[in-house]
Amino acid sequence: MTQTPQNTKKLFIKTYGCQMNVYDSDRMADALAPHGYEPVTDMATADLVLLNTCHIREKASEKVFSELGRLKELQAARREDGQDLLIGVAGCVAQAEGEEIARRAPVVDMVFGPQAYHRLPDMVAKAAGSRHLHPALRKPVIDTDFPEEDKFDHLPAPQKEVVIKRGLTAFLTVQEGCDKFCSFCVVPYTRGAEVSRPVRQVLAEARGLVTGGVKEITLLGQNVNAYHGLDEAGKSVGLGQLAYLLAEIEGLERLRYTTSHPRDMDDGLIAAHRDLGILMPYLHLPVQSGSDTMLKAMNRRHTRDDYMRVIDKIKSARSDMALSGDFIVGFPGETDKDFEDTLKIIADVGYASAYSFKYSTRPGTPGANLDGQIEEAVKNERLYRLQALVDAQTTAFHASCVGKTLPVLIERKGRMAGQVGGRSPYLQAVHFEGSTDLIGQILPLEIIGTSTNSLVGKLSQAALNNSDISHDSTRKSVSVDESRVA
Ligand code: 5AD
Ligand code: SF4
């Protein structure tokens with residue numbers, strides 16, 4: 001039922017949490033586009049508001065309920081003007097608390113989990129159809145099943161004009177769910193078991209993105225390096241092999257992936273880092289803790305030494321690999337010694353950046369029932385010390401880039417007039433004096449300084465003339481500057 005332009009309705013999606021939710025929100029917009037829904041940036045003007053929620057952070061559901069309180073007022077105001085507003089809650093909070101949301105917030109018309117996005121147009125039609133009923137008779141549409149069918153087979157491919165609007169970089173979900181069951185984490189419950197998209201589907205979506213002007217793709221998955229999609233012959237393909245196939249797409253310049261588990265960092269993927277210049281030398285590889293006791297309690301299924309061995313292998317394959325991680329402080333039972341072990345592993349690895357969190361219980365996860373919960377004041381103090389160490393490492397990493405020449409994908413206007421900005425291979429923001437005509441190119445920039453959280457670059461003629469670092473040669477692993485930067 002494609003609508004005429006006169007019937008165009010306005011869609012506002014508020015996205016919480018991870019990059020996978022950003023990707024999912026775009027897919028929801030794609031699914032609704034043929035039904036006349038056009039994305040808008042002002043919630044107050046929308047006919048349909050979707051909250052794409054995240055359950056990883058603490059108080060996630062409280063944030064959703066307070067947003068729903070505001071939406072209730074907006075809906076009442078729209079009704080007074082003789083208009084209407086449909087409200088949907090999507091994502092992991094919806095998956096985990098579907099019925100509870102419907103009970104506590106009757107203003108909601110639809111509650112649906114991440115596996116139901118392809119059914120969104122039907123849900124919207126159903127919800128809109130029951131608007132004329134008295135509120136007491138109206139029931140929200142709830143869809144939190146984990147269906148057998150593959151939602152990706154039913155979701156429309158990103159539309160060319162939408163892709164162009166999305167710019168030079170894009171996310172592409174290749175894998176969903178997780179079978180690891182770390183004892184602190186809700187993901188295996190909200191996103192379900194690990195599922196990989198078939199190779200053909202991934203390649204087709206990547207080609208579509210590149211045709212639309214995308215130069216850099218970040219492959220997404222809760223456990224992305226556990227990817228094992230099937231190829232046309234029915235053979236299982238790992239993430240490393242998938243990277244080789246993606247590297248053949250003409251026009252795709254850069255490839256990233258996130259988030260990885262240390263146990264799935266297999267030799268095939270490490271070899272891809274050695275062979276493919278397109279695979280950026282930046283790896284987000286969470287370890288969560290440096291203490292074997294905590295790693296066991298967290299059910300991470302690897303030791304500190306296992307992790308360090310993986311880091312060594314990656315560095316032997318690609319010596320300029322920059323590392324990033326996630327850390328949890330104050331997991332139940334964490335002693336001062338355990339925490340010191342975490343500081344030690346951070347010191348030993350040397351991170352370019354890292355995310356750190358105070359442990360907070362997630363109902364339904366094994367961690368929630370453990371004895372030895374840590375006092376808030378202790379968690380605060382540990383988090384502070386850990387972040388001070390990571391901040392110092394990030395600053396040192398940025399400083400180590402000064403004097404080097406790095407290829408930068410120029411993506412946007414800078415904050416200051418006359419400046420443009422982009423990203424280094426190591427995901428650092430870089431800005432420099434230059435024309436907006438340069439946007440879309442990968443150019444060698446001499447790094448001449450740092451500012452808070454970013455690098456300052458200079459377009460150097462000498463560097464431009466040096467064919468070793470022209471971006472045409474980045475299809476195979478060329479050394480931009482092989483010296484260790486992390
Ligand atoms: N408490 C604190 N941090 C958590 N994370 C996941 N679950 C929890 C929790 N219950 C963190 C982990 C994970 C990141 C995405 O969020 O570090 O890698
Ligand atoms: Fe959660 Fe662990 Fe799976 Fe990561 S690997 S999504 S932390 S259960």
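Counting convention: from 1, in listed order, for ligands and their atoms alike. The basis for the numbers below is simple: all heavy atoms, side chains too, and nothing from hydrogens, waters or symmetry mates.
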Derivation of the salt bridge (charged side-chain N to carboxylate O under 4.0 Å, His left out) call for R385 and E340: CA-CA 10 Å; R385 285 181 61 200; E340 295 299 330; 3.2 Å; yes
Nearest-0.5 Å distance, [atom1] of residue [X] to [atom2] of residue [Y]:
| X | Y | atom1 | atom2 | answer |
| --- | --- | --- | --- | --- |
| E334 | S289 | CD | OG | 6.0 Å |
| L389 | L343 | CG | CG | 6.0 Å |
| L445 | K404 | CG | NZ | 15.0 Å |
| I328 | L383 | CD1 | CG | 11.5 Å |

Polar proximity ligand 1 side, I328 side, N/O cut 3.5 Å exclusive: no
Return the residue, atom name and 0.1 Å-rounded distance of the protein heavy atom closest to [atom].
| atom | result |
| --- | --- |
| atom 12 (C) of ligand 1 | Q288 OE1, 3.4 Å |
| atom 18 (O) of ligand 1 | D326 OD2, 2.6 Å |
| atom 2 (C) of ligand 1 | K358 O, 3.3 Å |
| atom 1 (N) of ligand 1 | S360 N, 3.1 Å |
| atom 8 (C) of ligand 1 | F184 CD1, 3.8 Å |

Ligand 2 atoms in contact with H261 (distance to a heavy atom under 4.0 Å):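 In order of numbering, the contacting atoms are 5 (S).
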Under the rule for side-chain contact (heavy atoms from CB on, under 4.5 Å), what residues qualify as partners of V22, not counting sequence neighbours? T15, F171
Would you say that I439 contacts L168 through its side chain, given a criterion of any heavy-atom pair below 4.5 Å between the two side chains? yes
Would you say the side chains of S356 and Q387 form a donor-acceptor pair under 3.5 Å?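 Yes, a side-chain donor-acceptor pair sits under 3.5 Å.
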Answer with yes or no whether the side chains of D264 and Y227 bring together a donor and an acceptor at under 3.5 Å. no
Quick check on contacts: which atoms of ligand 1 are under 4.0 angstrom from a heavy atom of Y359?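 Atoms satisfying the 4.0 Å criterion: 1 (N), 2 (C), 10 (N).
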For M308 and I345: C-alpha separation, side-chain torsions, deciding distance, then whether side chain to side chain contact (heavy atoms under 4.5 Å, CB included) applies. CA-CA 8 Å; M308 292 309 292; I345 201 170; 3.8 Å; yes
Quick one: which of F331, F357, F327, Y355 has a heavy atom closest to atom 11 (C) of ligand 1?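 The nearest heavy atom belongs to F357.
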Give me the number of protein N, O or S atoms whose distance to atom 1 (Fe) of ligand 2 is under 2.8 Å. 1
